[in-house]
There are 2 protein chains.
Amino acid sequence: MAGQDRTRGNAPGGRERKPTMADVARHVGVSRALVSIVFRGAEGASEATRQRVLEGAAALGYRRDSLARGLRSNRTRNLGILFDLRRPFEVEFVEHTYPAVEKYGYHLLLGAVTPHRNQARVVEELLTYRCEGLIVLGPEPDGDRLESIADEVPLVEVGRGVTPGRVDVVRNDDALGTRQAVDHLVHLGHRAIAHIDGGTNPGARDRRAGYREAMTDHGLAHEIRVVAGGYTDEAGATAARQLLAEGLPTAVITANDQAVIGLLDVAVRAGLRIPEDLSVIGYDDSRFLRLPGIDLTSVRQDIPAMAELAVQAAVERIELPETEPRSVALPPQLVVRNTTKTPKNAE
Amino acid sequence: MAGQDRTRGNAPGGRERKPTMADVARHVGVSRALVSIVFRGAEGASEATRQRVLEGAAALGYRRDSLARGLRSNRTRNLGILFDLRRPFEVEFVEHTYPAVEKYGYHLLLGAVTPHRNQARVVEELLTYRCEGLIVLGPEPDGDRLESIADEVPLVEVGRGVTPGRVDVVRNDDALGTRQAVDHLVHLGHRAIAHIDGGTNPGARDRRAGYREAMTDHGLAHEIRVVAGGYTDEAGATAARQLLAEGLPTAVITANDQAVIGLLDVAVRAGLRIPEDLSVIGYDDSRFLRLPGIDLTSVRQDIPAMAELAVQAAVERIELPETEPRSVALPPQLVVRNTTKTPKNAE
DNA sequence: TCGAGCTACTAGCTCGATCTAGTTTTGGTA
DNA sequence: TACCAAAACTAGATCGAGCTAGTAGCTCGA
């Protein structure tokens with residue numbers, strides 16, 4: 001028995017060579033093709049053989065090779081998602097993307113944008129893994145041209161649309177969000193309502209516009225006050241310092257929750273009480289963002305619904321390339337907690 | 001010229017079939033093998049041809065197929081990392097893992113553990129992508145047996161070692177961390193120092209032990225007070241309520257920063273001032289965790305160094321399977337800010 | 001007894017890049 | 001000019017699973 005020598009290349013790390021379908025087939029006594037049939041769940045195998053194959057595979061510790069599979073079938077069923085690990089909103093979005101992706105029988109590949117890996121770089125990486133579709137959270141408009149990518153693979157932009165053409169866009173109605181915030185504050189009796197904006201961040205332009213329009217509609221055009229901000233606590237802090245220096249409003253709407261941290265940091269150190277001295281409304285209602293002693297009033301985006309829509313759009317575009325891309329904007333909802341209150345000066 | 005019909009299978013999503021090395025070779029007028037040589041950076045191609053090939057590839061929009069590559073070479077150079085998207089420490093760790101991984105010429109595949117995807121599931125997924133090594137942040141000890149995985153692929157556990165045998169472990173010296181915290185507080189004059197522990201979370205046992213030992217060494221064995229906690233703000237809040245009900249210490253050391261949020265939440269609502277009424281020390285010094293009006297004293301782990309060591313261990317075990325696994329514990333460092341102060345009752 | 005119509009199964013080409021074992025070209029030297 | 005080694009390049013097998021086209025064996029009806 002000149003033992004069939006299995007001592008092959010055995011690349012680094014290959015402890016014992018992984019078993020293949022051929023190994024399973026030999027072990028069970030059937031053809032390779034049949035093993036393939038069983039693992040694909042295709043028809044053409046009797047129930048008895050199916051069981052024997054599965055048992056044999058389990059005994060050998062066989063695992064289907066996704067590389068070979070993807071190569072031959074020319075499908076990976078991979079969906080890539082680009083996001084920033086530091087943004088609570090995006091992280092929450094990613095978590096809710098998993099169930100949607102599974103529902104359609106795809107796999108989710110995470111592409112993390114970090115200070116050292118920009119969007120273009122991450123896209124390139126995900127395409128190397130042959131993702132069949134990409135979901136981009138908070139796409140960056142300048143420089144990184146996603147247009148050329150959209151030719152290669154279906155693209156879904158979340159938060160805002162930056163790429164003209166064949167791209168799906170899933171976002172929330174940002175203008176409506178800040179409008180709700182203004183409505184609520186005006187209803188409480190506020191007039192001096194400032195907005196710490198989000199600069200060029202995703203959704204920020206519309207949030208700014210919604211604020212402006214709502215103020216105007218309430219006859220408070222002369223009270224409009226937009227302070228340059230951003231989506232970080234530093235930006236919120238800087239804007240807060242500016243407000244303190246130039247004179248406080250009775251209420252502030254920030255462009256996102258993260259900026260609230262900086263705002264509160266400055267406010268607390270300045271001896272202000274929230275909401276007695278200042279009402280505050282954030283945006284995103286981040287679940288992971290807890291502020292000690294404070295329950296933040298914030299505008300909530302329907303993340304699970306958005307995730308589902310984004311995946312659905314990508315899958316649809318993958319499987320029916322001819323259909324037209326859509327753009328949807330879900331209505332957000334103001335969640336009132338206790339950082340908003342009738343202002344002191346109101347009688 | 002019966003136009004060579006390129007209208008192949010064109011799976012769903014395949015807009016225009018992706019160009020292959022054969023296409024590039026034909027376009028440039030060389031053999032497939034040579035194109036391969038150029039893209040691998042192997043020697044055996046003249047500088048002139050190398051340029052022509054690269055230009056031709058760029059013109060066609062050619063991208064190397066990682067599936068075919070991995071299949072044939074039996075190497076993917078993928079490293080998988082398991083982590084929890086919600087844990088700031090682990091997220092920060094992941095960010096620092098990228099540069100290390102690149103340095104060794106590998107790719108990082110993120111495996112996110114979420115409430116709906118447990119560790120075992122994520123491991124399975126990463127192995128499907130043929131990761132050659134796995135880095136597990138905060139490995140779960142019970143149930144999910146990683147032992148069997150360690151036979152298939154090199155395993156590095158970060159935070160604590162839970163799997164006996166051929167596994168590398170990279171962690172910080174947790175006992176030393178809480179010891180430093182106790183030392184600092186005792187030095188300030190505290191005696192009634194409580195510890196809100198981390199339950200069964202990674203590192204929590206050693207942090208608890210370090211606290212106990214340090215207290216004993218300072219002759220404060222009778223002051224030892226460990227309250228059941230966890231790594232979440234809820235756990236911190238619950239423990240804080242218990243402390244309030246049973247009588248406050250003058251200082252509290254939590255098992256991680258996240259728990260501090262809950263602790264402060266309860267403390268602030270109870271009208272306590274920090275650090276005047278209560279000194280607080282956290283663990284991890286999370287960069288992304290900012291508390292308004294508060295600069296938290298915390299124990300910092302050297303994340304970049306740990307990430308580098310983890311990757312190095314994985315790569316070493318992949319490329320030199322025979323070397324013995326190691327276990328290292330880096331010294332943490334207490335970062336003193338302003339949540340600690342001499343207690344009021346001290347003269 | 002034949003063959004039609006099944007089900008259960010198999011042979012062997014294929015996906016795209018890698019890699020071994022060659023072959024041709026080049027350039028330098030006797 | 002002849003020769004040789006090195007450099008530049010190529011043919012073709014190969015990785016593991018998927019898939020098409022086909023065969024073997026069975027049942028059933030006429």
Side-chain angles (χ1 to χ4, degrees), chain A residues 6-12 14 17-53 56-57 60-77 127-130 132, chain B residues 6-12 14 17-53 56-57 60-77 127-130 132:
Chain A
R6 237 69 197 64
T7 319
R8 272 193 265 170
N10 249 350
R17 203 187 52 82
K18 293 182 165 49
T20 73
M21 277 197 175
D23 297 322
V24 176
R26 201 177 309 118
H27 185 252
V28 179
V30 294
S31 69
R32 276 173 34 245
L34 189 51
V35 178
S36 174
I37 284 172
V38 170
F39 271 91
R40 272 177 292 148
E43 58 182 26
S46 70
E47 192 47 38
T49 339
R50 188 176 294 272
Q51 282 309 323
R52 278 198 305 140
V53 167
L60 295 184
Y62 170 72
R63 201 189 305 277
R64 219 136 125 241
D65 187 329
S66 66
L67 300 182
R69 212 146 94 75
L71 173 59
R72 174 59 240 236
S73 63
N74 200 25
R75 294 230 37 194
T76 57
R77 303 190 78 87
L127 287 182
T128 297
Y129 284 109
R130 295 247 307 227
E132 301 183 354
Chain B
R6 235 65 195 69
T7 320
R8 269 194 269 171
N10 249 351
R17 202 188 53 81
K18 293 183 166 50
T20 72
M21 277 197 174
D23 297 324
V24 176
R26 202 177 308 119
H27 185 253
V28 178
V30 295
S31 69
R32 276 171 35 242
L34 189 51
V35 178
S36 174
I37 285 172
V38 170
F39 272 92
R40 272 177 292 147
E43 59 182 27
S46 70
E47 192 46 39
T49 336
R50 188 176 294 272
Q51 282 307 322
R52 279 199 305 141
V53 167
L60 295 183
Y62 170 72
R63 203 188 305 275
R64 214 136 127 244
D65 186 330
S66 66
L67 299 183
R69 210 146 94 76
L71 174 59
R72 175 58 238 234
S73 64
N74 199 26
R75 296 231 33 196
T76 57
R77 303 190 78 87
L127 287 183
T128 297
Y129 284 109
R130 294 245 307 225
E132 301 182 352

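Reminder, nothing fancy here: chain letters follow the sequence lines and each chain counts from 1.
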[X] [atom1] to [N] [atom2], straight-line distance once rounded to whole Å:
X: B:Tyr62; N: C:dG16; atom1: OH; atom2: C1'; value: 8 Å
X: B:Asp65; N: C:dT18; atom1: CG; atom2: P; value: 9 Å
X: A:Leu60; N: D:dG16; atom1: CG; atom2: C1'; value: 15 Å
X: B:Arg26; N: D:dC9; atom1: CZ; atom2: P; value: 19 Å
X: B:Met21; N: D:dA11; atom1: CE; atom2: P; value: 16 Å
X: A:Arg63; N: D:dA17; atom1: CZ; atom2: P; value: 12 Å
X: B:Arg52; N: D:dA8; atom1: CZ; atom2: P; value: 13 Å
X: A:Asn74; N: C:dT14; atom1: CG; atom2: C1'; value: 12 Å

Next item on the list: Determine whether any donor atom in the side chain of A:Arg72 lies under 3.5 Å from an acceptor atom in the base of C:dT14, or the reverse, and answer yes or no.
Entry: yes
Notebook entry, point to check: Taking five pairs at each end, how big is the angle between the two axes of the helix from C:dT1-D:dA30 to C:dA30-D:dT1, to 10°?
Noted result: 60°
Check: Are any of A:Arg75's side-chain N or O atoms less than 4.0 Å away from OP1 or OP2 of D:dA17?
Finding: no
Checklist line | Contact under 4.0 Å: B:Arg69 side-chain N or O vs D:dG16 OP1/OP2 | finding: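 So the side chain of B:Arg69 is outside the cut-off, no N or O lying under 4.0 Å from OP1 or OP2 of D:dG16.
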Check: Less than 4.5 Å apart, any side-chain heavy atom of A:Arg130 and any of A:Asn74?
Finding: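 A side-chain contact under 4.5 Å exists here.
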Note to self: Once rounded to the nearest 0.5 Å, what's the spacing between atom CG of A:Leu71 and atom CZ of A:Arg69?
What the structure shows: 12.5 Å
Next item on the list: Supply the atom-to-atom distance A:Leu127 CG to B:Ser66 OG, rounded to the nearest 0.5 angstrom.
Entry: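 Atom-to-atom, A:Leu127:CG and B:Ser66:OG are 10.5 Å apart.
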Margin query: Working note: B:Arg77 + B:Glu132, criterion salt bridge (charged side-chain N to carboxylate O under 4.0 Å, His left out); need CA distance, chi angles, decisive distance, verdict.
Written below: CA-CA 6 Å; B:Arg77 303 190 78 87; B:Glu132 301 182 352; over 6 Å; no
Check: Which is it for B:His27 and B:Leu60 under the side-chain contact (heavy atoms from CB on, under 4.5 Å) test, yes or no, and what are the steps along the way?
Finding: CA-CA 9 Å; B:His27 185 253; B:Leu60 295 183; 3.9 Å; yes
Check: Only one of B:Val24, B:Val28, B:Val53 clears side chain to side chain contact (heavy atoms under 4.5 Å, CB included) with B:Val38; which?
Finding: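 By the side chain to side chain contact (heavy atoms under 4.5 Å, CB included) criterion, B:Val38 pairs with just one of B:Val24, B:Val28, B:Val53: B:Val53.
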Next item on the list: Take B:Arg26 and B:Arg32 through the side-chain contact (heavy atoms from CB on, under 4.5 Å) test and state the conclusion after the steps.
Entry: CA-CA 8 Å; B:Arg26 202 177 308 119; B:Arg32 276 171 35 242; over 6 Å; no
Notebook entry, point to check: Looking at the rings of B:Tyr62 and B:Phe39, which for Trp means the six-membered one, are their centres under 6.0 Å apart?
Noted result: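 They qualify: ring centres under 6.0 Å apart.
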Notebook entry, point to check: Which heavy atom in B:Ile37 sits nearest to a heavy atom in B:Glu43, and how many Å separate them?
Noted result: CG2-O, 4.0 Å
Margin query: Contact list please: residues 40-50 of chain B against DNA chain C, heavy atoms, distance less than 4.0 Å, in numerical order.
Written below: B:Arg40
Note to self: With the threshold set at under 4.0 Å for non-hydrogen atoms, list the residues of residues 28-39 of chain B touching DNA chain C in residue-number order.
What the structure shows: B:Arg32, B:Ala33, B:Ser36
Next item on the list: Walk me through it: do B:Asp65 and B:Lys18 pass the test salt bridge (charged side-chain N to carboxylate O under 4.0 Å, His left out)?
Entry: CA-CA 9 Å; B:Asp65 186 330; B:Lys18 293 183 166 50; over 6 Å; no
Checklist line | Test item: side-chain donor near acceptor, B:Arg40 and B:Ser36, under 3.5 Å | finding: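 Result is yes, a qualifying pair exists.
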